[in-house]
Number of protein chains: 2
Amino acid sequence: MAKHDPDLSLLFHALSDPTRRAMLTRLASGPARVTDLAEPTGLKLPTVMRHLSVLEQAGFITTAKDGRIRTCAIVPEAMEPVRTWIDEQRAIWEARLDRLDAFVMNVIKETEE
Amino acid sequence: MAKHDPDLSLLFHALSDPTRRAMLTRLASGPARVTDLAEPTGLKLPTVMRHLSVLEQAGFITTAKDGRIRTCAIVPEAMEPVRTWIDEQRAIWEARLDRLDAFVMNVIKETEE
DNA sequence: ATCATGCTTAGCCATATTGCTAAGTATTGC
DNA sequence: GCAATACTTAGCAATATGGCTAAGCATGAT
């Protein structure tokens, strides 16, 4: 498929890892240092840094360094395109009120064996 | 991070590819054959099949074969866990009404240079 | 000045992902 | 029967991902 729409791919990819989702959940309740985010994961710092940069490139978090400490904070608005896409999908399939698909698929499947 | 929660990873991963999202959008307006789904992508059939099986394993679509034709249909409910997770995230950060994070981050960043 | 802390960079390894081609198999139409 | 259609399977190549270790570089505390 054409390669526009790079945003959503970045966003969904960032969310596709449990470690990164856990980090977002942690950050949802307030900013944290890199080391603090690393601790519950059991992962080494370089690995954690990588997850954080994926989240940052997707726009889900901002980070800034003060002295030797880098603080990470969530960017709630970043979730909007995701939510919007999902809502649009729903809008399309709800435009067809018929629940015929599932019925048809079942008929086919029952015919199968 | 611990490996529970395998569902969401599957779901988000499935959505992280533009070809797969386009297929879902196409299917949102009604069931389709594999070849029909392949056509607008410009991809070869085996590649398309792989995308479809990713979507099917995630639970976003059902497929069934009638004769030599495989028909694919969307499974709208499959999107629910995704939507739920996003809503939960929002609930957490909205529980903190303060918009202090962004402010703090800005201060740090301005101090930076 | 020295040392611990906190991140950062570089680079390696294993596996997964996304595309392909080539060669099947199973149906349908003539 | 025979050919066209519609997948399907097997296997390859390039790149991406997710983990690590080792070593580097500031900053803060003593």
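Labels below follow one simple rule: chain letters A, B, ... track the order of the sequence lines, proteins then strands, and each chain is numbered from 1.
- The side-chain hydrogen bond (donor to acceptor under 3.5 Å, both in side chains) test applied to B:Arg90 returns A:Glu80, not counting sequence neighbours.
- In this entry the distance linking NZ of A:Lys65 with P of C:dG6 reads 12 Å, nearest Å.
- If you measure from atom NE2 of B:His13 to atom C1' of C:dA16, you get 8 Å, rounded to the nearest angstrom.
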Collect all protein-nucleotide pairs involving nucleotides 21-24 of chain D in which both atoms are nitrogen or oxygen and the distance is under 3.5 Å.
none

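- Here the closest non-hydrogen pair linking A:Ile92 and B:Ser29 is CG2-N, 4.0 Å.
- Counting all heavy atoms, side chain and backbone alike, B:Pro81 lies closest to B:Leu11 at CB-CD1, 3.8 Å.
- Look at CG on A:Leu52: it is 14 Å from C1' on D:dG18, rounded to the nearest Å.
- A straight line from CG of A:Asp17 to P of C:dT15 spans 18 Å, rounded to a whole angstrom.
- The interatomic distance linking A:Glu39 (CD) with C:dG6 (P) rounds to 12 Å, in whole Å.
- Residues satisfying the side-chain hydrogen bond (donor to acceptor under 3.5 Å, both in side chains) criterion with B:Arg83, sequence neighbours excluded, are A:Asp87.
- Taking the side chain of A:Leu43 as heavy atoms from C-beta on, and the options D:dT8, D:dG19, C:dT8, the nearest nucleotide is D:dG19.
- Distance, B:His51 NE2 to C:dT17 P: 12 Å, rounded to whole Å.
- The CZ atom of A:Arg70 sits 18 Å away from the P atom of D:dC25 (whole-angstrom rounding).
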Atom pairs under 3.5 Å: protein N/O with N/O of nucleotides 2-5 of chain D:
from  : atom 1 : to      : atom 2 : distance (Å)
D:dT5 : O4'    : B:Arg68 : NH1    : 3.3
D:dT5 : O2     : B:Arg68 : NH1    : 2.7

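- If you take CD1 on B:Ile69 and OG1 on B:Thr35, they are separated by 8.0 Å, rounding to the nearest 0.5 Å.
- The heavy-atom pair separating B:Val34 from B:Met49 by the smallest distance is CG1-SD, 3.8 Å.
- Every pair passing ring pair (Phe, Tyr, Trp, His ring centres under 6.0 Å) that includes a residue from residues 7-45 of chain B is listed here, sequence neighbours excluded: B:Phe12-B:Trp85.
- One N or O donor and one acceptor, one from the side chain of A:Arg50 and one from the base of D:dG19, sit under 3.5 Å apart.
- To the nearest angstrom, C1' of C:dT21 lies 16 Å from CE of B:Met49.
- Atom OG1 of A:Thr19 and atom CZ of A:Arg50 lie 13.5 Å apart (nearest 0.5 Å).
- Evaluation of the side-chain hydrogen bond (donor to acceptor under 3.5 Å, both in side chains) rule for A:Thr25 yields B:Gln89 as partners, not counting sequence neighbours.
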